[in-house]
There are 2 protein chains.
Amino acid sequence: MMETEIFRALADPTRRAIFEKLAGGSMNASALRQGMDISQPAMSQHLAVLRNAMLVREERQGRFVNYEVNPDGVVLIAGWLAKYRAYWPARVDALKALLKDMDQ
Amino acid sequence: MMETEIFRALADPTRRAIFEKLAGGSMNASALRQGMDISQPAMSQHLAVLRNAMLVREERQGRFVNYEVNPDGVVLIAGWLAKYRAYWPARVDALKALLKDMDQ
DNA sequence: CCAACAGATAAGCGGTCACTTATATGATTC
DNA sequence: GAATCATATAAGTGACCGCTTATCTGTTGG
């Protein structure tokens, strides 16, 4: 199940921090390590987990590998969460319903 | 971090199944086990993890303990996800922006 | 009270996680 | 093509996860 890998990937605080950093702009692995007190292999392994969970995608650029957020993963979580829309606060729920109507 | 516990709780397929079942209506632990091929202690442990992650809450009713979805957890995920709104599909994004305006 | 039932807790076990050090791959520059 | 740099992979290790069996706690009805 894809959702298992996504939630598992996000269950680690270090990986969430990496993801958050990438959400602020694409970056290579070395740049990501800046100010994070994490070894090079650890970063590489975390990025592999995030990529495997479709939360991040990569693109080689010469000697560097550029990483960026993969919208697919974000959309998957949004889709999962949508199933429980009924439990969001009423205000947000009302807005959502409105959007749905407009969407058709 | 609360988010760590939430994502960790949801990383297990069995726990997601339990949560999904509860989202369809509150239930006691025995009822939850119906058709799930899971031992009584395992169910109890899963419910403890979900409760700890604020995804589920309980209420004793005599000899039974009734479980239901705790909106707090759902809202927390929604809050986390909202930070990456920019990566949702354009249509949903537009709707969200609209909601935000209306919300003020 | 006590027998029966719902549920929680304890202890132990195999598998997985996140990390480490060491080494390999792949690209650039001289 | 050799040295260097960016990243990946391999192997090992201690901690944790989800499960099991066994036992405990709490509530009900006779």
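Reminder, nothing fancy here: chain letters follow the sequence lines and each chain counts from 1.
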Using the rule salt bridge (Lys or Arg N to Asp or Glu O under 4.0 Å), only one of B:Arg51, B:Arg57, B:Lys21 pairs with B:Glu68; which is it? B:Arg57

Judged by each residue's nearest nucleotide on DNA chain D, which is more toward the 5′ side, A:Met43 or A:Arg63?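 This one resolves to A:Arg63.
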
Interatomic distance where [atom1] belongs to [X] and [atom2] belongs to [N] [whole Å]:
| X | N | atom1 | atom2 | value |
| --- | --- | --- | --- | --- |
| A:Leu47 | C:dC19 | CG | P | 12 Å |
| B:Met27 | C:dG7 | CE | P | 12 Å |
| B:Asn66 | C:dG7 | CG | C1' | 13 Å |
| B:Ile38 | C:dA8 | CD1 | C1' | 14 Å |
| B:Phe64 | C:dC5 | CZ | P | 11 Å |
| B:Arg60 | C:dC5 | CZ | P | 16 Å |
| A:Asn28 | C:dT28 | CG | C1' | 15 Å |
| B:Arg33 | C:dC5 | CZ | C1' | 13 Å |

Polar pair under 3.5 Å, donor/acceptor by atom type, side chain B:Gln40, base C:dA8: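 Counting by modelled atom types and ignoring angles, a donor-acceptor contact under 3.5 Å is found here.
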
Regarding the side chain of B:Gln45, the nearest nucleotide among C:dT9, C:dT20, C:dA8 is C:dT9

Which is the 5'-most and which the 3'-most nucleotide of DNA chain D that has an atom under 4.0 Å from a heavy atom of chain B?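 Result: D:dC17 to D:dT28.
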
For B:Ser39 and B:Arg33, work out which heavy atoms get closest and say how close.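 B:Ser39 and B:Arg33 have their closest heavy atoms at C-NE, 3.7 Å.
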
Between A:Leu81 and B:Ala78, the two heavy atoms sitting closest are CD2-CA, 3.5 Å

Checking A:Tyr84 against B:Glu20: is there a side-chain donor and acceptor pair closer than 3.5 Å?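 On atom types as modelled, these side chains qualify, holding a pair under 3.5 Å.
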
Can you find a side-chain donor-acceptor pair between B:Thr4 and A:Arg16 that sits under 3.5 Å?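 Looking only at side-chain atoms, A:Arg16 and B:Thr4 do form a donor-acceptor pair, the distance falling under 3.5 Å.
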
In terms of the nearest nucleotide of DNA chain C, which residue is placed more toward the 5' end: A:His46 or B:Glu58? B:Glu58

Sorted by number, the residues of residues 8-16 of chain B with heavy-atom contact under 4.0 Å to DNA chain D: B:Arg8, B:Asp12, B:Thr14, B:Arg15

Roughly how far, to the nearest 0.5 Å, is CD1 of B:Ile18 from CE of B:Met27? 10.5 Å

If you measure from CG on A:Asn70 to CE on A:Met54, what distance do you get to the nearest 0.5 Å? 6.5 Å

If the plane angle is over 60° it's perpendicular, under 30° parallel, otherwise tilted; pick one for B:Phe7 and B:Trp80.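 Plane angle over 60°, so perpendicular.
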
Identify the residue among A:Ile77, A:Leu22, A:Leu47 that makes a side chain to side chain contact (heavy atoms under 4.5 Å, CB included) with A:Leu55. A:Ile77

